[in-house]
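Structure first, commentary second.
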Amino acid sequence: MMKMNDKLLFFTNRGVLDNFSGYVFSPNGVEPRDEDVLAKIVKKQRMSKNWYYISCT
């Protein structure tokens, strides 16, 4: 788990140097951005009100 600004990222898969995926909790419901996770988001799916699944490179 990692805190990123006001969001929490729960990793489901994490590469050695880059490439990771996981669930993001956003307390205010705002979608995660590249700047929030310090990586390029290649897939983003809203799971419920404050939860998103992301895949990054």
Side-chain angles (χ1 to χ4, degrees):
M1 184 184 85
M2 180 181 281
K3 185 175 187 317
M4 304 181 128
N5 297 323
D6 64 336
K7 297 171 180 61
L8 294 175
L9 171 60
F10 298 86
F11 294 101
T12 57
N13 185 19
R14 189 165 183 188
V16 175
L17 300 175
D18 59 4
N19 298 334
F20 61 88
S21 59
Y23 294 96
V24 175
F25 176 75
S26 176
N28 55 11
V30 175
E31 285 189 0
R33 301 170 302 163
D34 292 350
E35 298 81 25
D36 293 326
V37 297
L38 303 176
K40 180 171 174 57
I41 298 174
V42 294
K43 179 182 178 184
K44 184 180 347 180
Q45 181 179 354
R46 185 174 184 187
M47 304 304 290
S48 66
K49 183 178 177 184
N50 295 342
W51 288 92
Y52 295 86
Y53 177 79
I54 61 169
S55 182
C56 299
T57 187

- request: Quick one: do Y53 and S21 satisfy side chain to side chain contact (heavy atoms under 4.5 Å, CB included)? Show the steps, please.
  value: CA-CA 7 Å; Y53 177 79; S21 59; 3.3 Å; yes

message: What verdict does the side chain to side chain contact (heavy atoms under 4.5 Å, CB included) test give for K7 and F25, after you've listed the backbone C-alpha separation in whole Å, the side-chain angles of each residue and the deciding distance to 0.1 Å?
response: CA-CA 6 Å; K7 297 171 180 61; F25 176 75; over 6 Å; no

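Note: the hydrophobic cluster containing F11 also contains V37 (ILVMFWY, side chain heavy atoms under 4.5 Å, direct or indirect links). F10 and M2 fall into different hydrophobic clusters, where Ile, Leu, Val, Met, Phe, Trp and Tyr are joined by side-chain heavy atoms under 4.5 Å apart, directly or via other members.
Side chains of T12 and F20 form no contact here, defined as non-hydrogen atoms less than 4.5 Å apart.
A salt bridge between K44 and E31 is present, with a side-chain N of the basic residue lying under 4.0 Å from a carboxylate O of the acidic one. Salt-bridge check for K40 with D34: failed, with every basic side-chain N at 4.0 Å or more from each acidic carboxylate O.
Pairing each heavy atom of A39 with each of T57, the nearest pair is CB-O, 3.6 Å. The shortest heavy-atom contact between P32 and I54 is CG-CG2, 3.9 Å. In terms of heavy atoms, M4 sits closest to L9 at SD-CD2, 3.9 Å. Scanning both residues, M47 and Y52, for their nearest heavy atoms gives CG-C, 4.1 Å. Taking all atoms of both residues into account, the shortest heavy-atom contact from K3 to N5 is NZ-O, 2.6 Å.
In this structure, the side chain of R33 does not engage the main chain of E35 through any donor-acceptor pair within 3.5 Å.
The closest side-chain donor-acceptor pair between N28 and S26 falls under 3.5 angstrom.
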